[in-house]
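A quick note: this is a predicted structure, and the numbers were derived from the prediction, not measured. All ligand and atom numbering here is 1-based and tracks the order in the structure.
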Amino acid sequence: MGDKPVILVTRKLPQAVEARLQRDYQPILNPSDKLYSDDELVELSLDADAIMPCHTEKFSAELISRLPKNIKAIANFSVGYDHVDVAAAKAKGIIVTNTPDVLSDATAEIAILLMLGAARRASEGERIVRARKWKDWSPAFMVGRQVSKKRFGIIGMGRVGQVVADRARGFGMEIHYYNRKRLSADLEKGAIYHETVEGLLPNADVLSVHCPATPETTGLLNVERINLLPDGAIVVNTARGGVINDDALVAALKSGKVYAAGLDVFNGEPENIHPEYIGLENVFLLPHIGSATEETRDAMGFRALDNLDAIFSGTEPGDRVA
Ligand code: DGY
């Protein structure tokens with residue numbers, strides 16, 4: 001091998017990102033885009049200086065303990081890094097980075113799509129048309145909920161939450177939010193701050209989740225908290241499935257406590273999501289595509305590469321999380 005650092009790239013990345021990898025590094029690419037097992041990741045790491053993974057590779061403490069000493073960094077192609085045991089990485093001296101900011105617009109688009117899809121019964125309507133079951137029109141047909149001028153509640157007013165708030169303002173919605181820290185007035189833009197999730201929930205006709213998955217947020221939206229929502233609220237999740245207690249949400253969707261949900265992320269995704277979501281008419285389901293636009297996927301790759309460039313030039317990467 002030459003003197004350019006060797007980067008293990010776990011998934012197929014956009015062409016422009018792979019071209020920059022090839023120009024500046026010696027990448028071990030994955031043209032078939034297969035999902036590697038832990039054993040394969042360890043094996044492929046033997047010759048690598050860093051790994052550029054996605055959230056699809058779970059870097060547990062056990063896997064990290066098996067990585068060879070030559071691995072200096074895990075430069076994630078994702079803003080979320082709940083798939084990496086950062087404490088284990090830190091203990092082993094492995095730098096961990098993520099890709100914030102660049103996916104906020106794309107994820108906000110999907111949050112709004114989910115809100116509208118859930119409120120206006122888009123999934124149900126689409127199925128009726130495709131199955132050629134659309135036989136009539138009447139004022140009573142496919143009536144949904146209007147979101148304009150309603151209250152939009154946000155858990156987690158970070159980068160994505162703030163962009164989603166801006167988009168929801170376009171519908172004349174009143175923005176309420178819970179965040180660990182209150183935003184400054186210029187970022188708040190008139191949004192109403194709640195010091196607790198419990199304080200926010202009764203004010204959320206639409207609730208959109210934008211907090212990271214951490215031990216503290218696991219199962220955050222449980223039976224007790226769902227009961228604090230206004231009757232007939234809409235729940236949107238583009239963050240991580242773990243933030244929602246699925247049994248609680250399914251029960252609320254069945255009882256009508258929650259009118260509808262729009263979900264892009266799931267516990268057990270992709271193959272083991274809660275089976276009852278599949279049969280419920282009032283759920284609008286997408287397969288974790290919040291950041292799936294050409295612009296954003298390029299930008300994520302470039303941001304991960306900026307972090308690697310800093311690491312291998314001996315400077316501090318901009319997006320270090322461990
Ligand atoms: C992210 O960047 O965290 C997205 O969920 C894709 O992994």
Side-chain angles (χ1 to χ4, degrees), residues 8-14 16-18 30 33-36 41 51-60 63 73-86 89 95-115 154-164 208-218 220-221 236-244 261-273 284-308 317-322:
L8 169 58
V9 182
T10 62
R11 304 305 301 260
K12 184 167 172 50
L13 297 185
V17 177
E18 293 196 349
N30 180 359
D33 208 15
K34 81 174 277 233
L35 185 62
Y36 292 134
L41 288 170
I51 307 174
M52 195 169 158
C54 295
H55 76 264
T56 44
E57 289 74 50
K58 314 289 176 218
F59 285 88
S60 62
L63 174 55
I74 296 175
N76 289 296
F77 183 97
S78 65
V79 65
Y81 52 90
D82 48 295
H83 57 285
V84 179
D85 189 320
V86 285
I95 296 171
V96 182
T97 59
N98 71 340
T99 59
D101 297 321
V102 291
L103 39 62
S104 304
D105 283 339
T107 307
E109 288 179 4
I110 289 293
I112 297 297
L113 174 64
L114 290 171
M115 170 179 76
I154 298 175
I155 297 181
M157 196 66 148
R159 301 168 184 89
V160 179
Q162 289 172 44
V163 180
V164 178
S208 197
V209 179
H210 298 287
C211 57
T214 63
E216 294 74 43
T217 61
T218 300
L220 179 93
L221 203 60
V236 169
N237 189 8
T238 53
R240 285 290 185 265
V243 180
I244 288 183
L263 307 174
D264 184 48
V265 288
F266 302 86
N267 287 299
E269 65 178 56
E271 289 180 315
N272 294 310
I273 72 173
F284 185 58
L285 305 168
L286 291 177
H288 200 146
I289 56 168
S291 61
T293 67
E294 288 174 11
E295 296 88 336
T296 293
R297 288 284 153 88
D298 280 356
M300 290 166 76
F302 296 148
R303 186 96 179 205
L305 282 169
D306 291 346
N307 287 319
L308 284 173
D319 306 313
R320 184 171 186 161
V321 294

Report yes if the side chains of Ile289 and Asp264 come closer than 4.5 Å at any heavy-atom pair, otherwise no.
-> yes
Only residue of Asp319, Thr99, Asn98 satisfying side-chain hydrogen bond (donor to acceptor under 3.5 Å, both in side chains) with Asn307 is Asp319
Could you tell me whether His288 and ligand 1 have an N or O pair separated by under 3.5 Å?
-> yes
Give yes or no for whether the N/O distance cutoff of 3.5 Å, strictly under, is met between Met300 and ligand 1.
-> no
Exactly one candidate in Asp101, Asn76, Thr97 meets side-chain hydrogen bond (donor to acceptor under 3.5 Å, both in side chains) with Arg303; the answer is Asp101
Should the pair His83 and His55 be assigned to parallel (<30°), tilted (30 to 60°) or perpendicular (>60°) ring geometry?
-> perpendicular
Leu35 side chain reached by Arg11 side chain, heavy atoms, under 4.5 Å | yes
Atom 3 (O) of ligand 1: which of His55, Arg297, His83, Arg240 has the nearest heavy atom?
-> Arg240
Please determine if Gly80 has a nitrogen or oxygen closer than 3.5 Å to a nitrogen or oxygen of ligand 1.
-> yes
Region of Leu103 engaging ligand 1 - heavy atom pairs below 4.0 Å | side chain
Top protein contact for atom 1 (C) of ligand 1, by heavy-atom distance | Val79 N, 3.5 Å
What atoms in ligand 1 come closer than 4.0 Å to a heavy atom of Ser78?
-> 1 (C), 2 (O), 3 (O), 7 (O)
Which atoms form the tightest heavy-atom contact between Cys211 and Val243, and what is the distance?
-> SG-CG1, 3.9 Å
